Amino acid sequence: MIRLIGRRVAAALFTLLLVSVIVFLISQVLPGDIGRTILGPYATAEQVARLNEQLGANDPLIARYGNWISSFVIGDWGSSHALSVAVRPLVLERFVNSLILGTYAFVIVVVISILLGVVAALGEGKLRDRAVSIAGFSLIAMPEFVSGTVLLVVFAVRLQWFPVVSTVPSLSPSDIVTQLTLPAVPVMLIMFGYISRMTREGTVDVLHTNYTRTAFLKGLPRRTVIRRHVLRNAMLPTVSVVMLQFGYMVGGLAVTEILFGYPGIGKLAVDSAAANDLPVLSACVLVIAAFYMTMNVIADVVYAALNPQIRASS
Amino acid sequence: MSAEPTSVITGDANEAPPAVEIRDLVVSYRRRRRNLQVLRGVSLAIQPGEAYGLVGESGCGKTTVAMTLMRYLPPNAVIDDGSVSLEGEDMLGMSPAQLRELRGNRLAMVYQETASSLNPTLRIGEQIAEVYRYHRAMGRAEAADAAREMLTRVQLADPGRVARRYPHEMSGGQKQRVVIAMALATNPHVLVLDEPTTGLDTTVEAEVLELVAGLRSDYGTSVLFISHNLGIVAQMCERVGVLYAGRLVEEGAAQHVLTEPKHPYTLALLRCVPRMGMHKDTMRLDPIPGSLPALGTDVPACVFADRCSITEDRCHTQAPPLVPVASGHTSRCHFVDAVSKIPPRAFPSPADKSDDASEPLLLVEDARKTYSAPGQHVEAVAGVSLEVHRGEILGVVGESGSGKSTLARCVVGLDNSSAGTLSFGGISISPAARRRRHALRRAVQMVFQDPDTSLNPRRSVRRLLLRSVRLLRGERGRTADLRVRQLLADVRLEPRHLEVKPAALSGGLKQRVAIASAFAGEPELVVCDEPVSSLDVSVQAAILNLLSDLHVDRQLSYILISHDLGVVRYLSDRIAVMYLGEIVEVGSAEEMFKPGHHPYTEALVSAIPSLNPTEPGRGRIRLTGTIPSPANPPSGCRFHTRCPRAIGDLCRTEKPPWQHDGDGHTYRCHIPPTELRALQTHDDPPMTS
Amino acid sequence: MTAGRKQTQAPMEATVDEQPPVAEPSARRRARRDLVRALLRSKTFMVGCAILLWWVLDSVAWSLFVPTDPQALDPTNALAAPSAQHWLGTDNLGRDVLSRVLAGATTVLGIAPAATLLALLLGTTIGLAAGYYRGWFDELITRLLDAFLAFPPIVVAVLALAVVGASNVAVILVTGLLFVPNVARTVRSVVLQERSRDYIAAARLRGERGPYIMVAEILPNVGGPLMVEATVRFGYAVFTVATLSFLGLGLQQPSPDWGLAISLGRSYLQVAPWVVLAPALALATLVVSINLVVDGLRQVIEE
């Protein structure tokens with residue numbers, strides 16, 4: 001088990017290294033003249049050259065990457081060009097905001113989608129199965145800005161149940177619900193399609209296995225078969241899919257955050273991209289990727305821990 | 001529907017009702033809005049305590065009969081007509097609650113794919129205990145005790161530990177025992193066994209069958225035994241029914257049906273299997289022409305008419321009735337009396353012109369192949385040396401994990417990381433096919449087990465063969481086209497098969513295409529890896545005949561890999577026996593089946609199910625225990641953990657020497673030939689009732 | 001091939017009885033016909049196809065359908081509610097919303113397929129090579145794909161477009177590249193399955209080279225899953241392209257593009273929700289139709 005965790009962590013670290021190289025290449029090398037990018041078209045050539053010198057943009061690529069990543073690792077994330085504040089507290093604060101919104105959306109949607117996914121699977125081919133699955137794939141690729149806009153029109157503008165602009169909620173439950181519900185729903189719709197489909201597929205697969213047949217032909221009551229034999233096995237892959245989705249979601253909140261003005265990390269990333277604020281942008285991308293990889297590792301480990309076949313062999 | 005009389009069961013009217021009675025059962029599957037009939041009016045009855053064997057090739061509806069009896073048909077199956085009753089109670093009208101009460105209690109089943117029949121995330125003990133908790137209302141602890149007791153019954157060592165294991169921690173044979181334990185836990189009145197040993201190795205199969213036979217006589221259970229293997233049915237059952245294309249064509253006492261068949265299909269089925277003592281040099285096999293009608297196609301009035309050798313017009317227009325031929329023996333044929341007079345179509349083989357004792361063509365010395373997985377190294381082939389002579393057929397037999405397929409891949413060059421030396425025609429050759437010279441690639445080819453995967457499904461037969469001709473012979477254009485036609489004729493296919501893709505061909509035809517492709521470059525050595533094991537028995541014979549004809553025509557050599565001793569015996573000149581990556585015995589095909597063979601070979605031979613269970617020498621020895629993992633082979637003689645003839649510490653500590661018994665027959669054992677032969681001839685078989 | 005040559009080979013006498021007569025040439029044709037019939041019968045597939053075809057037709061021939069010029073300004077009649085004259089009302093510049101919705105399909109349906117195609121080409125190549133060669137090459141590619149998948153797509157697209165500048169070509173490139181890892185993964189997993197089949201071993205034994213095996217042997221067998229993957233990616237491409245133009249990173253004014261229209265109309269949400277709702281619903285029907293097609297395809301192929 002420990003060896004398995006070690007292997008997964010090593011793979012994740014390697015992937016993160018690649019991520020950082022890609023971010024470095026896009027943000028530091030691809031723009032070409034980095035000084036010009038930062039200072040804009042009206043700066044003099046001298047100013048640009050001086051900034052390039054300061055930033056070390058003329059050093060060899062490897063050295064530049066070394067500098068860039070090592071200062072990032074020791075916590076010196078630089079300061080924002082556009083906002084003139086230190087990058088680290090800014091990005092981390094926004095990340096926590098996103099985490100709050102993400103967790104809220106996630107908890108609700110996971111419960112609903114797993115439930116409906118199982119319900120659909122148990123009625124395979126029946127009306128309720130078709131209903132869940134049509135709802136699922138209709139929503140899975142619905143851009144958040146489309147559903148979000150409709151929600152805004154109906155619930156914030158017309159009915160005025162929710163605010164048009166959402167802020168980070170206080171700890172009171174009613175505040176959490178009013179602030180987070182609208183921005184959460186567009187993401188939940190997408191997640192619902194995905195998770196309910198995976199749950200349904202996993203459950204249907206298990207329902208068709210020979211060991212489920214064995215359980216039925218032992219004369220066990222249907223409820224027992226479902227609980228002891230079907231769900232136990234069907235939830236194994238679902239759990240890891242769900243954890244991965246969580247890792248993916250937190251970085252994928254950008255559009256809904258922009259739509260509802262919620263101060264999350266996705267919005268920050270897009271805003272700083274628009275403002276050419278590369279230090280903030282690269283920090284955002286790295287934090288999001290690191291979180292994703294962490295969830296990746298956790299998903300693998302949880303899967304292994306729940307699955308006796310892997311548990312024994314590692 | 002079918003208005004024929006069902007088989008009349010003899011016996012007193014006031015006796016207990018039959019354990020199982022199926023009448024006029026018609027079942028079809030709906031697929032894409034089409035109704036495909038699987039069972040076309042099946043009637044059979046199983047008396048209390050009786051074992052009834054249902055035989056037939058795959059696709060003839062055996063499993064559908066079993067699943068109808070369990071009332072567990074897939075959702076797209078429809079019971080169109082007929083009735084099924086269990087001990088006099090109508091099963092088709094039962095409510096789910098009544099069925100639950102029945103299943104796992106009075107009616108239980110053992111399945112074909114055991115490995116997947118056990119829940120992978122639940123401990124073995126719990127899976128058995130469940131049955132007691134629901135059907136016997138036992139508490140947790142009591143049920144666990146009962147489960148352990150049941151594990152002891154199926155002769156699993158250390159039941160306490162087994163109960164705590166998960167399925168993946170057990171071998172195939174052990175899992176099959178667990179499934180049997182689960183089925184017999186509540187002492188059911190009727191037990192359904194659906195191909196219970198398919199996929200198990202012969203020695204394990206023999207063990208499991210013996211266990212089932214023993215338990216059945218202890219409990220007095222009625223059994224429905226489904227199998228495609230006539231030998232097993234002969235050994236296990238009192239009565240048999242022969243199913244063909246969804247209709248029971250013959251039924252009667254096992255020894256009558258299997259020794260004096262009264263239906264042309266049964267007769268043909270019996271004749272197409274190579275019997276012990278048959279060899280390609282003396283007698284060709286007698287295949288059944290054609291193949292099973294595909295699901296949903298129209299069948300003639302007599303379902304077998306298209307493949308029958310004594311058919312007349314009547315067979316196509318008028319369904320034959322069930323004709324009683326002897327007490328309790330019936331056959332569905334218009335010409336029951338003519339059946340026994342059908343002459344065998346098998347005829348003596350053309351003379352084999354190959355002169356024996358020619359120079360060795362292939363020489364393998366100390367071949368080794370190790371697979372590495374994290375934390376362990378599996379030596380699949382552990383130092384194998386052998387030679388194949390020009391024009392010779394060398395059979396290689398062994399159970400799963402013996403390394404025979406890996407050896408085959410090493411020889412043809414698909415495993416490029418193997419160690420050891422290979423030489424072909426006296427010249428040392430590379431272990432990797434892609435580094436071999438073109439002439440050599442042409443000379444060494446392979447026929448794979450399953451033509452479904454060895455032929456690219458996207459290509460027509462013409463394109464498949466053209467490509468082989470082009471690469472192996474360098475021919476193109478018209479020459480290549482003619483060559484393809486010649487190849488096709490060589491494997492007895494017709495030009496009309498050229499334009500079809502493999503999916504449109506039956507299994508036997510596909511294997512012919514695969515053989516043609518391997519023969520495109522006039523090979524000198526063809527490695528055949530289980531060439532007939534994916535085919536139905538009726539088709540196997542035709543492929544074996546073809547391989548034999550090609551061998552005679554072209555004077556080439558084969559390495560024939562198979563788990564089926566009958567097939568190897570029939571086709572091979574010499575046989576090598578492998579166990580856990582090593583060769584334990586090599587000798588002429590005849591030699592291997594006589595006393596004086598390696599104890600492992602002895603076990604393999606005595607595990608072959610025979611049509612005549614009373615034949616002397618049957619069931620002489622049984623292997624116990626499981627095949628050790630090749631990752632961790634036993635010390636000394638690798639076979640000592642299961643050897644019934646082991647002679648103590650010597651076997652455990654020291655690698656046995658090669659013993660030579662004249663005429664090229666050698667085996668690896670501490671017991672010298674004379675002693676071994678004496679042991680194996682005088683030893684009275686320890687018969688298990 | 002030629003029907004006249006059929007009887008040139010007389011089967012050998014000894015084996016007449018072994019000749020299995022059952023190569024049903026109609027079986028394959030029937031299977032294909034069944035497949036098409038099943039598709040035609042699948043309500044999901046047909047409904048999806050109908051809507052999708054409508055939008056494709058509209059994207060090409062919108063000028064035939066629009067009631068007025070989508071660019072015609074009428075500032076005196078800005079933000080007018082739906083009426084007999086303007087069925088879906090007008091926007092802030094008094095342009096007819098219905099006309100703009102009908103004209104707006106062109107951009108999304110031009111860019112998304114191009115991006116999908118790019119993703120398919122690159123992804124298939126990478127997936128084939130990684131799955132076929134295995135070993136360290138595969139390991140490296142898999143890690144790289146993982147790395148790309150770790151990025152939130154919208155953020156990466158924003159980052160890339162910020163660097164290279166927004167244009168139609170840039171959107172195609174960025175969206176296409178974004179989906180390469182997904183396609184490559186799907187292809188790789190199918191290739192891994194196919195690779196273990198014996199027809200690959202047979203090809204190696206007759207001396208085929210790697211590239212031939214990949215392209216001529218394996219690729220045709222990847223078709224089914226690739227088709228489903230292509231449709232799925234197409235759905236996501238529509239999604240992404242629309243989102244990018246919503247974020248102001250794609251097309252610019254006065255294009256009638258849906259994403260752009262929604263983004264601009266948001267300011268008038270309180271007074272004139274139709275400006276936003278009309279393109280939003282149009283986009284929704286397009287996305288749903290693609291997903292209906294995917295689902296229908298999947299069901300029929302898997303059956």
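Each chain gets a letter, A, B and so on, in the order its sequence line appears, and its residues count up from 1. Every heavy atom of this structure was used, including side-chain atoms; hydrogens, water molecules and symmetry mates were not. Since the structure is predicted, the reported quantities are computational estimates derived from the model, not experimental observations.
Considering only heavy atoms from C-beta on, B/Leu471 stays 4.5 Å or farther from C/Tyr212 through its side chain. Residues B/Asp306 and B/Pro300 are in side-chain contact: their nearest non-hydrogen atoms beyond the backbone lie under 4.5 Å apart. Put simply, the side chain of B/Val532 does not reach to within 4.5 Å of the side chain of B/Gln511, judged on heavy atoms.
No donor-acceptor distance shorter than 3.5 angstrom exists from the side chain of B/Gln445 to the backbone of B/Phe519, with no hydrogens or angles considered. Panel note: side chain B/Arg473, backbone B/Ala520; a donor-acceptor pair is recorded below 3.5 Å. With hydrogens and angles ignored, the 3.5 Å screen pairs no side-chain donor or acceptor of B/Arg554 with any backbone N or O of B/Val552. Without hydrogens or angle criteria, B/Arg30 side chain to B/Asn76 main chain gives no donor-acceptor distance under 3.5 Å. A donor-acceptor pair under 3.5 Å links the side-chain atoms of B/Arg436 to the main chain of B/Val412, judged by distance alone.
Of the atoms belonging to C/Arg209, not a single heavy atom falls under 4.5 Å from chain B. If you measure heavy-atom distances from B/Arg442 to chain C, you find no contacts under 4.5 Å at all. Only the backbone of B/Leu455 comes within contact range of chain C, judged by heavy atoms closer than 4.5 Å. Both the backbone and the side chain of B/Arg458 come within contact range of chain C, each with at least one heavy atom under 4.5 Å from a heavy atom of that chain. For C/Ala203, no part lies near chain B; criterion is any non-hydrogen pair under 4.5 Å. In this structure, no portion of B/Arg470 lies under 4.5 Å from any heavy atom of chain C.
Chain B is approached within less than 4.5 Å, heavy atom to heavy atom, by no residue from residues 176-196 of chain C.
The shortest heavy-atom contact between C/Ser59 and C/Leu109 is CB-CD1, 3.8 Å.
Interface check for chain C: of the options B/Leu414, B/Val444, B/Asp450, the most heavy-atom pairs under 4.5 Å are formed by B/Leu414.
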